[in-house]
Amino acid sequence: MTDRSIHQAEMSVGAGQRSVGPLARLPRALHPGAWWLWALGLATAASHTTNPLPLGLLVAVAALVVVRRRGEAPWALAFRMYLVLGAVIVAMRVVFRIVFGGGQGEHVLIRLPEIPLPAWAAGIRLFGPVAAEQLLGGFYDGLRLATMLVCLGAANALANPKRLLKAVPGALYAVGTAVVVALSVAPQLVESVLRVRRARRLRGASGRGVRALRGIALPVLADALDRSLALAAAMDSRGYGRTPAVPAGQRAVTGALVLGGLVGVCAGTYGLLDATGPGYLGLPMLLVGLSTAVTGMLLAGRRVRRSRYRPDHWRGAELLVAGCGVGAAALTVLAGSVDPELLYPPVSPLTWPELTPLVLLAVLVAAAPAWLAPPPALARPAAARDAGPPPAPRAPVGAAPAGGAGHPTSSSHAQGGPS
């Protein structure tokens, strides 16, 4: 090997060491529980306001984090469907206000013919005058529900539902399996639709819209049935749902503890929300219910034996992402206690929505995981995919060719020196 080839090898090793230095962010998959806590925090923040400005910013934040931190798995393609479903929810709420009224307003936009109803349907109106106030009220309600749905869709696009099953407690393993399978339905459906549409384009099918629905729906339905049968067979072969024999008395005690604890949690929550109730019905009942339910779950989890391969650990990035969601929810609740009229802008009289510094801070905290979370582990970087296949390695100077024949200089030395 010549000096030039040795220098090139040292340069490549040095570049590789720089790329994995202490300041580099190594790609890895984040714990799915961190993404769900972040998304639940955003959904909690969205549930505490009807102001369209913070709601629109939360949708933009969820889209930003998904674009920057989603992987190449099938469930990562389902976020667009949640956006479309959110838009449909907003449109349905506005149409509902037009059809069934929803209150009078001063700014009448259009007058539709009202359909008379019998006396027993008093209080319900079909069509009639359409005011700007009622349309705006429907838009606010629909946007809040759509934002909560989009936040949960972001968690579904970022978190691996199969890895989430490993974090479920043993007592809830059967329920967690059903929940994970249910969460995987939407991503798998999107993947099936994309695959069927790609196959139709390869076959030269040019139908779009309603005309193409028949050619897409039947293959997607058949694919869903095949996937469900394959999943059921795979789960049965791996022993899902099978538990060892447990005495009837132990099952009754465990069920009674879990159900009693959940009833205590409900009663304690009601006591905290109702200020007129007795004192023991609030926080003490909530703590007793939580402890009882946790005890029942621990007893039930003993009969579920499972092994873990590569358990998911909580590291600094997971704590930061989960803390961003909790912080966004806490800041929004605090902003509601300081300026409640700005989080719930009135529709009568019509007023322009405004943002508060606390709400802006909550949005910035919610957007932090786009940079704090590690990048996802992709099968191949985007730049490499765009550049095409990697070039073939060049043989160093002085090396033997691939065919096995030696270099002329080495062959002459083998024969005893140059002639």
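- The main-chain N or O of Leu355 is never found under 3.5 Å from a side-chain atom of Asn51 such that the two would form a donor-acceptor pair.
- Between atom CG of residue Leu290 and atom OG1 of residue Thr295 there is a gap of 10.5 Å, rounded to the nearest 0.5 Å.
- Summarising the geometry of Thr147 relative to Ala46, their closest heavy-atom pair is CG2-CB, 3.7 Å, with the distance given to 0.1 Å.
- Within the 4.5 Å cutoff, side-chain heavy atoms of Leu40 are placed close to those of Leu152.
- Atom CG of residue Leu136 and atom CG of residue Asp141 lie 10.0 Å apart, to the nearest 0.5 angstrom.
- Between Thr50 atom OG1 and Leu145 atom CG the span is 13.0 Å, to the nearest 0.5 Å.
- Counting heavy atoms from C-beta on, the side chains of Val321 and Leu37 never come closer than 4.5 Å.
- At a threshold of 4.5 Å between non-hydrogen side-chain atoms, the residues Trp371 and Arg68 count as touching.
- What you find for Gly142 and Ile89 is that their closest heavy atoms are O-CG2, 4.0 Å.
- With rounding to the nearest 0.5 Å, the separation of OG1 in Thr332 from NE2 in His48 is 8.5 Å.
- For the atom pair CZ (Arg97) and CD (Glu133), the distance works out to 11.5 Å, reported to the nearest 0.5 Å.
- Between Trp38 and Trp35, the two ring planes are perpendicular [angle over 60°; tilted spans 30° to 60°].
- The backbone N or O of Gly261 sits nowhere less than 3.5 Å from a side-chain atom of Thr292 that would complete a donor-acceptor pair.
- Around CZ of Arg195, the count of heavy atoms belonging to other residues, nucleotides or ligands within 6.0 Å exceeds 12.
- Separation of atoms CE (Met148) and CG (Leu42) is listed at 11.5 Å; rounding is to 0.5 Å.
- Nearest heavy atoms, Val94 versus Gly138: CG2-C, 4.3 Å.
- Val338 is not listed as a side-chain neighbour of Thr356, based on a closest heavy-atom distance of 4.5 Å or more.
- Closest approach of Thr49 and Pro54 over heavy atoms only: OG1-CG, 4.1 Å.
- No side-chain heavy atom of Pro357 sits less than 4.5 Å from a side-chain heavy atom of Leu361.
- Listed for the Arg93 side chain is no donor-acceptor partner under 3.5 Å among the backbone atoms of Phe139.
- In terms of heavy-atom proximity, Ala322 sits nearest to Trp314 at CB-CZ3, 4.1 Å.
- Counting only distance, with no hydrogens or angles, the side chain of Glu318 and the backbone of Ala34 share no donor-acceptor pair below 3.5 Å.
- For the pair Pro52 and Leu55, the minimum side-chain heavy-atom distance is 4.5 Å or more.
- Contact between Ala329 and Ala45 at its shortest, heavy atoms only, is CA-CB, 4.2 Å.
- Screening Val66, Leu158, Val67 for a side-chain contact (heavy atoms from CB on, under 4.5 Å) involving Phe79 leaves a single residue, Val66.
- Tested against Leu30, the residues Pro374, Pro376, Pro375 include a single side-chain contact (heavy atoms from CB on, under 4.5 Å) partner, Pro374.
- In this structure the side chain of Leu85 never reaches within 4.5 angstrom of the side chain of Met81, judged on heavy atoms.
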